[in-house]
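Just so it is clear: chains get the letters A, B, ... in the order the sequence lines come, proteins before strands, and each one is counted from 1. Since the structure is predicted, the reported quantities are computational estimates derived from the model, not experimental observations. Side chains included, hydrogens not; waters and symmetry mates left out as well; all remaining heavy atoms used.
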Number of protein chains: 2
Amino acid sequence: MNKNDIKNAGLKITLPRTKILKILETSEKRHMTAEDVYRILLADDEGAIALATVYRVLTQFEAADLVIRHNFESGQAVFELNNNEHHDHMVCMRTGKIVEFHDEIIEQRQREIAKKHGFKLVDHALTLYGEFEESPKMNKQ
Amino acid sequence: MNKNDIKNAGLKITLPRTKILKILETSEKRHMTAEDVYRILLADDEGAIALATVYRVLTQFEAADLVIRHNFESGQAVFELNNNEHHDHMVCMRTGKIVEFHDEIIEQRQREIAKKHGFKLVDHALTLYGEFEESPKMNKQ
DNA sequence: ATCAATGCAAAAACTTTGCACTGAT
DNA sequence: ATCAGTGCAAAGTTTTTGCATTGAT
């Protein structure tokens with residue numbers, strides 16, 4: 001619930017933070033760069049919010065586990081709201097479209113592999129790169 | 001075979017390119033940043049090679065499939081020689097140590113997931129982040 | 001001789017930081 | 001009133017680019 005999330009993170013409830021959180025919650029794109037967020041703020045806005053603030057807030061949200069930061073191939077960090085349902089990503093190299101998926105077999109295998117190597121697994125990132133075929137019948141994002 | 005690889009890529013055989021390729025082949029670290037390579041060049045060297053050249057050469061090698069570029073969480077790109085044996089990575093968050101692995105079950109699952117989503121799979125990256133336990137008994141790099 | 005490759009310095013792209021001002025509690 | 005949060009501009013980091021010179025064929 002929006003503002004409580006901010007408060008629970010030990011952060012004060014300010015305009016930049018509520019706006020940024022709302023953008024992440026309501027944007028049709030689930031995966032956004034700091035610039036993406038900044039541009040939306042510029043558009044819908046009365047008082048400007050600095051790009052530096054967007055970065056600061058996103059970084060704080062990440063630290064509070066409200067948001068997940070991804071480093072896809074683009075070189076630009078991408079942020080998404082953390083809904084606590086772990087998932088991986090398929091990234092379309094043509095359109096940039098991102099689709100999430102989750103596969104328990106893969107998850108399980110990863111745990112086994114880590115164990116076999118004496119590796120304490122903290123996190124992982126699996127990203128498939130390719131192209132969606134024309135006339136997509138499913139999923140948005 | 002060293003120089004042939006360079007020639008086959010349509011590139012002229014020059015000192016920077018042969019040196020950089022040799023560093024990638026012989027360094028005990030298999031995964032190196034441009035800076036890593038540059039620093040080795042500085043150390044063992046008579047004539048200096050510019051960092052810009054290192055980036056250019058690595059990018060050309062990547063285009064020629066001689067080298068694979070990774071974007072791990074560090075924010076700094078990491079390069080490794082392409083030995084044409086696909087593998088994924090475990091990255092130690094404490095020491096930076098990188099261990100490669102390959103799991104056919106995961107590979108197979110990825111192909112199935114892509115197919116199910118009408119996604120033409122071109123490439124993928126799976127990276128496990130965590131920590132290796134003390135007294136490693138196996139594997140290097 | 002020709003055109004690709006290089007060094008150097010400058011720029012670009014993305015992100016972070018210092019500092020004085022503003023705002024939440 | 002206090003101290004966290006913000007805007008702005010400046011700096012940091014990593015990577016790329018322009019251009020004159022050098023070097024491979």
Side-chain angles (χ1 to χ4, degrees), chain A residues 2-23 31-42 45-64 66-80 96, chain B residues 2-23 31-42 45-64 66-80 96:
Chain A
N2 221 314
K3 308 211 166 176
N4 274 337
D5 289 338
I6 295 176
K7 188 169 273 177
N8 293 341
L11 300 171
K12 292 196 172 152
I13 296 169
T14 63
L15 208 55
R17 300 214 258 238
T18 50
K19 281 190 176 176
I20 290 171
L21 188 50
K22 173 158 289 171
I23 287 172
H31 301 82
M32 313 188 76
T33 64
E35 280 274 346
D36 289 338
V37 173
Y38 177 63
R39 239 174 292 118
I40 292 177
L41 285 168
L42 279 189
D45 233 23
E46 53 276 0
I49 287 171
L51 180 56
T53 300
V54 176
Y55 274 106
R56 268 188 291 233
V57 169
L58 288 173
T59 302
Q60 292 160 340
F61 283 179
E62 185 195 12
L66 282 181
V67 146
I68 298 173
R69 183 194 299 249
H70 297 289
N71 296 286
F72 295 143
E73 286 194 353
S74 64
Q76 213 164 151
V78 169
F79 300 84
E80 71 169 307
Chain B
N2 222 312
K3 309 210 167 177
N4 274 337
D5 290 337
I6 296 175
K7 187 168 275 181
N8 293 341
L11 299 171
K12 291 195 172 153
I13 297 168
T14 63
L15 209 55
R17 299 213 258 240
T18 49
K19 280 190 178 174
I20 290 171
L21 187 51
K22 172 159 289 170
I23 287 172
H31 301 81
M32 313 188 78
T33 65
E35 280 274 345
D36 288 338
V37 173
Y38 177 62
R39 239 173 293 118
I40 293 177
L41 285 168
L42 279 187
D45 234 20
E46 55 275 1
I49 286 171
L51 180 56
T53 300
V54 176
Y55 274 105
R56 269 189 291 236
V57 168
L58 288 173
T59 302
Q60 292 159 341
F61 283 0
E62 185 195 13
L66 282 179
V67 146
I68 297 174
R69 182 195 302 248
H70 297 289
N71 296 285
F72 296 143
E73 284 194 355
S74 64
Q76 211 164 153
V78 169
F79 301 83
E80 71 169 308

Taking atom NZ of B:Lys7 and atom CZ of B:Arg17, what is their separation to the nearest 0.5 Å?
12.5 Å
Rounding to a whole Å, what distance do you find between B:Leu51:CG and D:dT14:P?
10 Å
Whole angstrom is fine here: how far is it from CE in B:Met32 over to P in D:dT15?
14 Å
DNA chain D nearest-nucleotide lookup for A:Val54 and B:Ser74: closer to the 5′ end is A:Val54
Does B:Phe61 reach the side chain of B:Ile20, with side-chain heavy atoms less than 4.5 Å apart?
yes
Taking CG from B:Asp36 and C1' from D:dT15, how many angstroms apart are they, rounded to a whole number?
15 Å
Are any protein N/O atoms closer than 3.5 Å to N/O atoms in nucleotides 18-24 of chain D? If there are, list each pair with its distance.
unit_1: D:dG18; atom_1: O6; unit_2: B:Arg56; atom_2: NH1; d: 3.3

Kindly say whether A:Val78 contributes a backbone atom to a donor-acceptor pair with the side chain of A:Arg69 at under 3.5 angstrom?
no
May I ask you to verify if any side-chain N or O of B:Tyr55 is less than 4.0 angstrom from the OP1 or OP2 atom of D:dT15?
yes
Under 4.0 Å, heavy atoms only, any strand: does A:Ala34 hit a base, just the sugar-phosphate, or nothing?
nothing
Flag side-chain contact, heavy atom, 4.5 Å: A:Leu21 against A:Lys3
no
Is a side-chain donor or acceptor of B:Thr53 paired with a backbone partner of B:Ile49 at a separation under 3.5 angstrom?
no
Rounded off to whole Å, could you give me the CD-to-P distance for the B:Glu62 and D:dT15 pair?
12 Å
Within this structure, what is the OG1-OH distance for the pair B:Thr33 and B:Tyr55, rounded to the nearest 0.5 Å?
7.0 Å
5' precedence on DNA chain C between B:Gln60 and A:Gly75 (nearest-nucleotide basis):
B:Gln60
What are the bounds, 5' to 3', of the part of DNA chain C that sits under 4.0 Å from heavy atoms of chain B?
C:dA4 to C:dA9
Quick one: does B:Thr18's side chain have a donor or acceptor within less than 3.5 Å of a partner on B:Thr14's backbone?
yes
Between C1' of D:dC3 and CG of A:Leu11, the distance in whole Å:
14 Å
Taking atom C1' of D:dT14 as reference, at what distance in whole Å does atom CD of B:Glu73 sit?
17 Å
Nearest 0.5 angstrom please: A:His70 NE2 to A:Met32 CE, how far?
13.5 Å
Nucleotide D:dG12, atom P - distance to CD of B:Glu35 in whole Å
16 Å
Could you state the CD-P distance from A:Gln76 to D:dT14, rounded to the nearest angstrom?
17 Å
Hey, could you give me the CG/NZ distance between B:Leu41 and B:Lys22, rounded to the nearest 0.5 Å?
12.5 Å
